[in-house]
Amino acid sequence: MAEFTMELNDEQKEVRDWLHGFAADVIRPAAAEWDEREETPWPVIQEAAKVGIYSLDFYAQQYFDPTGLGIPMAMEELFWGDAGIALSIVGTGLAAVGVLANGTEEQIGTWIPQMYGDASDVKVAAFCSSEPDAGSDVASMRTRAVYDEAKDEWVINGTKTWATNGGIANVHVVVAVVDPELGSKGHASFIIPPNTPGLSQGQKFKKHGIRASHTAEVVLDNVRVPGSCLLGGKEKLDERLARAKASRGERVKNAAMATFEASRPAVGAMAVGTARAAYEVALDYAMTREQFGRPIIDNQGVAFQLADMRTSIDAARLLVWRASWMAVNGKPFTAAEGSMSKLFASETAKKVTAQAVQILGGNGYTREYPVERMHRDAAIYTIFEGTSEIQRLVIARTVSGMSIR
Ligand SMILES: Cc1cc2nc3c(=O)[nH]c(=O)nc-3n(C[C@H](O)[C@H](O)[C@H](O)COP(=O)(O)OP(=O)(O)OC[C@H]3O[C@@H](n4cnc5c(N)ncnc54)[C@H](O)[C@@H]3O)c2cc1C
């Protein structure tokens, strides 16, 4: 087990500086254009693939870093560059983690490379869980997967929504109901291979922020996939369902909740990146913009806001790093520390970006300055990967042991 440390080692500092260079030189200059175009920034993803940032190797290296700081450090730097473009770059990694965490070795080896493609022909992947009537309430999911034993195939029907990279992905990971009687314990994840008949993109959403990231509905109409596309395999699923049936009614530890606790700090780190970016622009502006014959930071009303912004960002990063270290080192989340980090960091990003707009005055309200975009982007962090209300629910239930509703 790695000791918790608040200092990056030399190797991590090198990676951080390299990522920061890419974020500053490639991502940030392209941010306004792709935000306006509201399209996936394929050339930027390709550039990231060429230098090795968009690759399974890079993602896995950070993911398995025993200090736990690899992923939060990488997320913070990329999202400091621009949230929409960064999500286009890391969105595949989020789908790949589902396969890494639950797939067999063969599934990992077969599908993850196809999620990324290669630098000359980049591909993306999508993770599809949310549905029109199953957002926070995951248990009311309706997409159904039925096993056709004669053909050793699964037949999947349903509509997914809000899928990042949905419909444009080479590989989709789809969560579906395999046993409706078991609620969220009766769900399983499936790989939908490239060009599978029956999978199509529904509506593509026009969004408030992170507009360079593609978000769409995914329609599954009698999609047939081989038995080998069930993540983890049939034997493991049958065992899991039997266990769930035997313990019906009892409060058992939900494996999905543990996975969320481990993945939520990564979203917290994205929020820290956006917040830090807006804070830096605001600090610089406050030191150079003069009113009443002196820089506006000479007023405590402005300076104290900047002090609060910086304090919250540092506090958010510490919560994120702690939770990431706990996840990698298998520490139990006895106070839902993963949810805590995501809650605090995402609320911080929303607040700090709003303060940045205020500090830039009229300029902050225009697209001439990046804080307007950062403010719109920041609003996503309190919504996806569990809303702030759901994080509070998880924390309150975990610390109290009560079934708070
Ligand atoms: C840009 C974007 C990208 C996304 N990417 C993906 C993706 O790649 N894959 C995927 O599967 N999903 C994705 N999502 C979906 C996202 O995770 C959901 O939007 C989120 O879980 C909330 O669900 P909902 O939108 O249905 O809101 P609802 O669940 O309808 O919530 C609406 C409001 O009610 C509140 N609320 C609900 N229940 C409670 C409660 N019990 N107590 C208190 N308040 C409550 C919520 O906090 C929220 O404020 C994405 C969403 C967006 C916007």
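Throughout, numbering of the chain's residues begins at 1 and tracks the sequence. Keep in mind that the numbers below use all heavy atoms, side chains included, and drop hydrogens, waters and symmetry copies. First listed ligand is number 1; within each ligand, the first listed atom is number 1.
With a heavy-atom cut-off of 4.0 Å, Ile210 touches ligand 1 through its side chain alone. At a heavy-atom distance under 4.0 Å, only side-chain atoms of Lys207, from C-beta outward, approach ligand 1. Contacts between Thr164 and ligand 1, counted as non-hydrogen atom pairs separated by less than 4.0 Å, involve both the backbone and the side chain.
For the pair Thr215 and ligand 1, the shortest N or O to N or O distance does not fall below 3.5 Å. Residue Thr161 has no N or O atom closer than 3.5 Å to an N or O atom of ligand 1. In terms of polar-atom proximity, Asp137 is not counted as a contact of ligand 1, lacking any N or O under 3.5 Å from an N or O of the ligand. Of the N or O atoms in Ile390, none lie within a sub-3.5 Å distance of an N or O in ligand 1. For a threshold of 3.5 Å applied to N or O pairs, the pair formed by Glu131 and ligand 1 contains no separation below that value.
Taking the charged nitrogens against the carboxylate oxygens, Arg264 and Glu385 have no contact shorter than 4.0 Å, which rules out a salt bridge. Ion pairing of Asp152 with Lys234 is absent here, as no side-chain N (NZ or NE/NH1/NH2) approaches a carboxylate O to less than 4.0 Å.
By the 4.5 Å heavy-atom criterion applied to side chains, Ile296 and Tyr285 are counted as neighbours. Counting heavy atoms from C-beta on, the side chains of Val15 and Gln12 never come closer than 4.5 Å.
Within the 4.0 Å cut-off (strictly below), no protein heavy atom is located near atom 34 (O) of ligand 1.
A perpendicular orientation is assigned to the rings of Phe58 and Trp18, their planes being inclined by more than 60° (bins at 30° and 60°).
The only member of Tyr59, Tyr116, Phe22 that meets ring pair (Phe, Tyr, Trp, His ring centres under 6.0 Å) when paired with Tyr54 is Tyr116.
When Phe205, Phe384, Phe127 are ranked by how near their heavy atoms come to atom 9 (N) of ligand 1, first place goes to Phe127.
Judged by the 6.0 Å and 45° rule, Arg37 forms a cation-pi pair with Trp34.
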